[in-house]
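The residues of the chain are indexed from 1 along the displayed sequence.
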Amino acid sequence: MSDLEDCLLDRLPDEVLEFILCNVSPYLDLQNCALVCKRWRELVRTVRRRIKYNFHQAIVDFNIRWTEIPEVHHYVLTIAKRHSHSACCYDNSMYIFGGCTSTSSTYNDLWKLDLTRRHWVRPLTMGTYPTPKACASMVCYKGKLILYGGWSFPSPYPLHQEAYTLFNELHEYCIETNRWTAINTVTSPPSVAGHSATIHGSKMVVFGGMRKNSPSNFERSNRVWVYDFEENDWYHQPTSEVKPKPRFGHTQIKLSETHLLIIGGGRQFPVVFDDVWLLDMSNENPKGEWVWSQIEVIGKYLPNKAWCNSSVKVGQYVVTFAENIHATALPIPKKNFKLGSSIWVPPREDEVPIEGPAPKRNPVARDRDVNVNGRRGVFQRRNASSSSEESDVENPALGQPRPNISNLNPRPGVSAIAQNAGRPAAQLNRLRNRERQLEILRRQEEKFKNKGQIAKQPVETPKSRNTMAMYVLDISEVLSHKRATWLPPKVSAEPHHAPESTVLYSLVLGMSELIMFGGVEKDDQELNNYENTACSHLRIISAPKDII
C-alpha cells in the first residue's frame, strides 16, 4: 500500500508536475487539469506562462519546430484542398470558410478544427448561407464569426456573367446556435476582395482590397470603411491626405483599440509593396480624420511575394512564412512567368471585364471541381462525328493523337480502300481499323527501340528543396519611434524539416503555437513544368520540446 501511495501524482514535486503538464495539449486538456485542485490550478498558470515565454523566445531565436498533422484516411470526412480561404481562431477551435480550388472554383463550406484532438469537424449549419467565394475577411466578435466581401469566378459555362464577381455581403455565424445570418444595412461599401479587417471595440475596420465600383471598372483601394455593430450600419471614414498606395493582399495588425498596422500587399503582379503604415484612430485631428503615418523599416531580411503570405502578431513581433530567398538555390531559367496561371490573380486597373462567356482556362486534370460543398465530376464530351469503332481502337496509353489515314505511307490496306470505294461501309471500317492497329504496333516497336537509348542517358542529380523560412518583424518601437525592424535569422540554414514553399495559405495564432493550413504548393526551380496545386496540409509551428 505504501508503494502505491508513493506513486500518487500529489506526492510528486512541483517541478516534475510542471514538466508533465507542459507536454499536455494547451487547449481543453490543460483547462481540465486546472479544475483538479488549487495546487494544479496554480501549476497550470505557471505552465501557461512558461509555454508562452518559450514560444516567444523561439520566435526571436528562429528556433521553431514544424509538425505536420497527417491526413486522415479517405473514408473519413475531411476538408478538401483549397487556397485563399478565410480562417479565424476562437476558443479551442480554428474555423475555415470557403476558399478556391486549383481550377478557380470556390467553396462556401464551413469547417472546424478541434485544436485539442487535431480533428476536422463539419458543422451542419442553418440559416442564410454565404455565397461561395474566396479572398474574404473573417474575424471574431463576441462569439460570432463576421464574414465580409470575397471573390468568385463564374462556372465554366456562364450565361451573361462577368469575368470576375466581387461581393459586399456581410454575414455572421453564431457559434453557439450554429446559424448563419445575412446582415442587411442601409449603407453598403463597394464590393471588395483581398482586403483586410480587424475588430476595435464595437467596430470592424476594413482597409484596401480590389473593389468594383461599376460593371466595367476594377480598381485597387486605399479607403477605410467601418462597420458599427451597435448601429448596424457602414460608413466611410475620412483619413489624412498622406496615406498608403492602393493595394490588396496586405496584412492588417491590431496594435490597440485606436491603432492598427498595414504591412505589405500588392497593386498588380508583379508590383508588390514592402512598406509599413500606422493608422491612428484616436480622432485627435480637428477634421475628425484618422491619421496615417509611414513607419521606417530597418533590415533587409524581408519576405518575398508579400501579397500572398499571411502574417500574425505574436507579442511584439509580426511573423510570416515565405520562400527562403536567402538560402543558396539553383539558377532559375528566364521565362515570362506569371503566378496564377490556374489560380486567381486580380486584374489590372485598366482591365475591363468582357461581357458574355468567361475566358477559357486550362484546368488541372486531377481537380475538376466546378461546384461547392464536395467533389463534383465533369463528363467528358465525345465528338459527335466519331464512331464507336474509332474510340475503341485508340490507345490512350501511347499519348499520341489518332493517326490520319490520308497522311500515312501507301500500304495494301489503303490501296484496297481506294480501289474498293464502292464496298459496304462495314467492310471499309474494318480496313480502317486494321490500318490503325498496324500504325499502333509500329509506334510501340519504335518505343521499345528507343528505350535502351533513354536508359543510357545520365541521371540528373536531384535539385535542392525550395523550403519556407520564417520572417520576423519587430514592432515594439512602432508607437514610440515610428520604427520597425526585420530581424536577421540566427540560424545559418532552414531546418531540413521545413515544408516546401507555399503561398495563399492561412495562418492563425493558437495557444502558444501557429496553425498553418492549405495554400498553393509551388517550385520556382521548375518553371517549365509549373503547376499550381492546392493542398490541405495542416502544419503546427511551435517551440521545441524540453528534454530531460
Side-chain angles (χ1 to χ4, degrees), residues 69 71 77-90 93-113 120-123 125 129-140 145-156 164-167 169 171 173 180 191-197 209-210 248-249 251 307-312 321 339-346 361 363-364 366-376 499 502-508 515-522 531-539:
I69 307 301
E71 297 182 0
L77 183 64
T78 186
I79 190 169
K81 301 177 181 180
R82 64 191 68 201
H83 66 83
S84 303
H85 46 277
S86 305
C88 185
C89 204
Y90 175 76
S93 301
M94 180 182 71
Y95 292 87
I96 298 292
F97 174 83
C100 194
T101 67
S102 299
T103 56
S104 295
S105 59
T106 51
Y107 296 105
N108 68 338
D109 51 352
L110 180 69
W111 288 85
K112 180 177 72 172
L113 176 65
W120 287 104
V121 179
R122 173 74 183 276
T125 58
Y129 228 76
T131 307
K133 52 189 172 181
C135 298
S137 64
M138 186 167 67
V139 294
C140 185
L145 304 181
I146 310 300
L147 183 71
Y148 169 65
W151 153 90
S152 71
F153 200 92
S155 61
Y164 299 101
T165 303
L166 304 180
F167 302 98
E169 299 174 341
H171 287 80
Y173 170 73
W180 282 103
S191 301
V192 65
H195 55 287
S196 60
M210 186 185 74
F248 69 93
T251 297
W307 66 273
C308 54
N309 298 316
S310 300
S311 304
V312 295
F321 296 90
L339 178 63
S341 57
S342 61
I343 61 176
W344 175 68
V345 175
R361 293 170 289 145
V364 180
R366 60 185 175 189
D367 197 349
R368 296 295 300 274
D369 291 324
V370 295
N371 220 317
V372 296
N373 294 335
R375 309 285 292 184
R376 297 291 189 271
T502 308
V503 297
L504 300 176
Y505 55 85
S506 64
L507 187 70
V508 298
I515 303 103
M516 178 188 295
F517 171 73
V520 176
E521 292 183 333
K522 66 183 188 65
E531 182 183 37
N532 293 321
T533 305
C535 66
S536 59
H537 296 312
L538 178 63
R539 301 182 174 102

> With a 4.5 Å limit on heavy-atom distance, are the side chains of Tyr173 and Pro130 in contact?
Replying inline: no
> Is any side-chain heavy atom of Cys140 closer than 4.5 Å to a side-chain heavy atom of Cys88?
Replying inline: yes
Can any side-chain N or O of [X] pair as donor or acceptor with the backbone N or O of [Y] at less than 3.5 Å?
X: Ser86; Y: Ala136; result: yes
X: Tyr505; Y: Phe321; result: yes
X: Ser102; Y: Ala534; result: yes
X: Lys133; Y: Gly98; result: no

> Would Thr533 and Val520 count as a side-chain contact (heavy atoms from CB on, under 4.5 Å) if you check the C-alpha gap in whole Å, the side-chain angles of each, and the deciding distance to 0.1 Å?
Replying inline: CA-CA 5 Å; Thr533 305; Val520 176; 5.8 Å; no
Validation row, ring centre [X] to ring centre [Y] under 6.0 Å:
X: Phe97; Y: Trp180; value: yes
X: Tyr107; Y: His85; value: no
X: Trp120; Y: Phe517; value: yes

Ignoring hydrogens, what is the shortest heavy-atom contact between [X] and [Y]? Give both atom names and the distance.
X: Pro123; Y: Lys112; value: CD-N, 4.1 Å
X: Val312; Y: Leu507; value: CG1-O, 3.1 Å
X: Ser152; Y: Pro132; value: CB-O, 3.4 Å

Rounded to the nearest 0.5 Å, what separates atom [atom1] in [X] from atom [atom2] in [Y]?
X: His83; Y: Thr101; atom1: NE2; atom2: OG1; answer: 6.5 Å
X: Ile79; Y: Leu113; atom1: CD1; atom2: CG; answer: 8.5 Å
X: Tyr129; Y: Asn108; atom1: OH; atom2: CG; answer: 6.0 Å
X: Ile96; Y: Arg82; atom1: CD1; atom2: CZ; answer: 8.0 Å
X: Arg122; Y: Trp111; atom1: CZ; atom2: CH2; answer: 5.5 Å
X: Arg539; Y: Thr502; atom1: CZ; atom2: OG1; answer: 5.0 Å

>> Determine whether Val192 and Phe248 satisfy the following criterion, side-chain contact (heavy atoms from CB on, under 4.5 Å), listing intermediate values before the conclusion.
In response: CA-CA 10 Å; Val192 65; Phe248 69 93; over 6 Å; no
